[in-house]
Protein chains: 2
Amino acid sequence: MVQRNTDVSAQVHDSHDSAACTVLEVLDRVSGKWTIGILLATAHGPVRFTELERTVQGISRRMLTLTLRNLERDGLLVRTVYPTVPPKVEYTATEVALELYASLASLTSWAERHRATIAAARDAYDRSME
Amino acid sequence: MVQRNTDVSAQVHDSHDSAACTVLEVLDRVSGKWTIGILLATAHGPVRFTELERTVQGISRRMLTLTLRNLERDGLLVRTVYPTVPPKVEYTATEVALELYASLASLTSWAERHRATIAAARDAYDRSME
DNA sequence: CCGGATCCAGGACGATACTG
DNA sequence: CAGTATCGTCCTGGATCCGG
C-alpha cells in the first residue's frame, strides 16, 4: 500500500515505516469485520456453513460467503464439498491460520491489560468535549 | 481495508472464546487505514502535524486529523499545543501505545513466516478461478 | 443446504479552499 | 502552522430474491 518492508527485531527504533508494510498486510488480512469470528469458530475443527451462520452472530449470509472466500483464497481455510443431497460443505482452519490465532495472544494480552485505561481515557475525552 | 463503525460489541458466541471480543477491540482500534503508520511515526518521540503529513505518505490532511483525534481519544497519543505564533502542536505516543507496538511483533513474525505461502495460495486460487 | 446476484443506504476516504 | 468545512466518490455490508 504505502510502505516497504524489512526485518522485525529493530522495529521500535528503526526508521518510521519499515515494519508498516508487513503489519499492514496482516491487518488487512485479519481486520475484516467478521474474519476473527470465523477463524475462532473454526479453530476447533471443521464447521459447516449454516453452523457458522449461527455461531458468528449478526453476520449476513452474504458477508459470511465473502469472508469465507477470502480466507480460503489466502489459504487460511480449506473448503470441503461433499457431493451429497442435500449438499454439505465444511470449512477447516489450516495450520497457518492456527498459528495466526496463537499470534494474536500478545495483542489480546495488551487489550486486557489496558482496556480499562483506554475506556477511561475515552470517557474523559468525550466528557471534556461535550 | 475495512470500514468499521464504533459498534463492535459481541459478535462471537462467547461460549467458545471470550477472547474474541478483546481481540476485536484491539483490531478496531488499530485497523484504521493510517493508524499503524501514525503510531510508527510517533514511536521515537514527539512529532508535529506537518511532519506527520510528510512522513505518513499518501495521507490526506483530513484523515490525519481524524486518525490523530481517535488515537488521542483512546489515550494512545498525547496532543500538546504550544500557544506560540505560528502555532505548534506535538503528538507523543503514550506508554500504552508503545506496548501495543511491541505486541505487534508476533503478528509481524507470523506475516513474514507465511507471506510467501499465502501469496502462493492466493495465486493458485486465482488461477483456478480464472 | 449452500450459496450467487442484485439493489440500496450509509460510512470511509480524498481533494481542496478557507481560517485563527 | 494546524487544522476545519464542504463536496463528491467509492466501497462495505444488509436485505432480499433466486438457483442448484
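Just so it is clear, the values below take in all heavy atoms, side chains as well, and ignore hydrogens, waters and symmetry mates. Below, chain A is the first sequence line, B the second, and so on; all start at residue 1.
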Sugar-phosphate only, base, or nothing, as touched by B:Arg61 at under 4.0 Å among non-hydrogen atoms: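 Here B:Arg61 touches the bases of the nucleic acid.
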When you check the phosphate oxygens OP1 and OP2 of [N], does a side-chain N or O of [X] lie under 4.0 Å from one of them?
{"X": "A:Arg62", "N": "C:dC8", "result": "no"}
{"X": "B:Arg79", "N": "D:dA2", "result": "no"}
{"X": "B:Tyr91", "N": "D:dC1", "result": "no"}

Take atom [atom1] of [X] and atom [atom2] of [N], then tell me their distance rounded to the nearest Å.
{"X": "A:Asn70", "N": "C:dG3", "atom1": "CG", "atom2": "C1'", "answer": "15 Å"}
{"X": "A:Arg54", "N": "C:dC1", "atom1": "CZ", "atom2": "C1'", "answer": "12 Å"}
{"X": "B:Leu66", "N": "C:dG11", "atom1": "CG", "atom2": "P", "answer": "14 Å"}
{"X": "B:Ile59", "N": "C:dC13", "atom1": "CD1", "atom2": "C1'", "answer": "10 Å"}
{"X": "B:Glu72", "N": "D:dG3", "atom1": "CD", "atom2": "C1'", "answer": "13 Å"}
{"X": "B:Leu52", "N": "D:dC1", "atom1": "CG", "atom2": "C1'", "answer": "13 Å"}
{"X": "B:Lys33", "N": "D:dT12", "atom1": "NZ", "atom2": "P", "answer": "11 Å"}
{"X": "B:Leu68", "N": "D:dA2", "atom1": "CG", "atom2": "C1'", "answer": "11 Å"}

Side chain of B:Thr50 - closest among C:dG14, D:dT4, D:dA2: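 So the side chain of B:Thr50 is nearest to D:dA2.
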Residue B:Arg48, side-chain heavy atoms: nucleotide from D:dG14, D:dA2, C:dG3 that is nearest: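 Ranking D:dG14, D:dA2, C:dG3 by closest atom to the B:Arg48 side chain puts D:dA2 first.
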Considering non-hydrogen atoms only, spot the tightest contact between [X] and [Y] and give its length.
{"X": "A:Pro87", "Y": "A:Arg48", "answer": "O-NH2, 3.7 Å"}
{"X": "B:Arg79", "Y": "B:Val81", "answer": "NH1-CG2, 3.7 Å"}
{"X": "A:Ser103", "Y": "B:Leu107", "answer": "CB-CD2, 4.1 Å"}
{"X": "A:Thr35", "Y": "A:Val30", "answer": "CB-O, 3.3 Å"}
{"X": "A:Trp34", "Y": "A:Gln57", "answer": "CZ3-O, 3.7 Å"}
{"X": "A:Glu53", "Y": "A:Ile59", "answer": "O-CG2, 4.3 Å"}

By a strict heavy-atom criterion of less than 4.0 Å, which residues belonging to residues 83-90 of chain B are in contact with DNA chain D?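 DNA chain D contact set from residues 83-90 of chain B: B:Pro86, B:Pro87, B:Lys88, B:Val89.
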Could you walk me through whether B:Leu100 and A:His114 satisfy the side-chain contact (heavy atoms from CB on, under 4.5 Å) test, starting with their C-alpha distance in whole Å, then the side-chain angles of each, then the deciding distance to 0.1 Å, before giving a yes or no? CA-CA 10 Å; B:Leu100 168 62; A:His114 298 295; over 6 Å; no
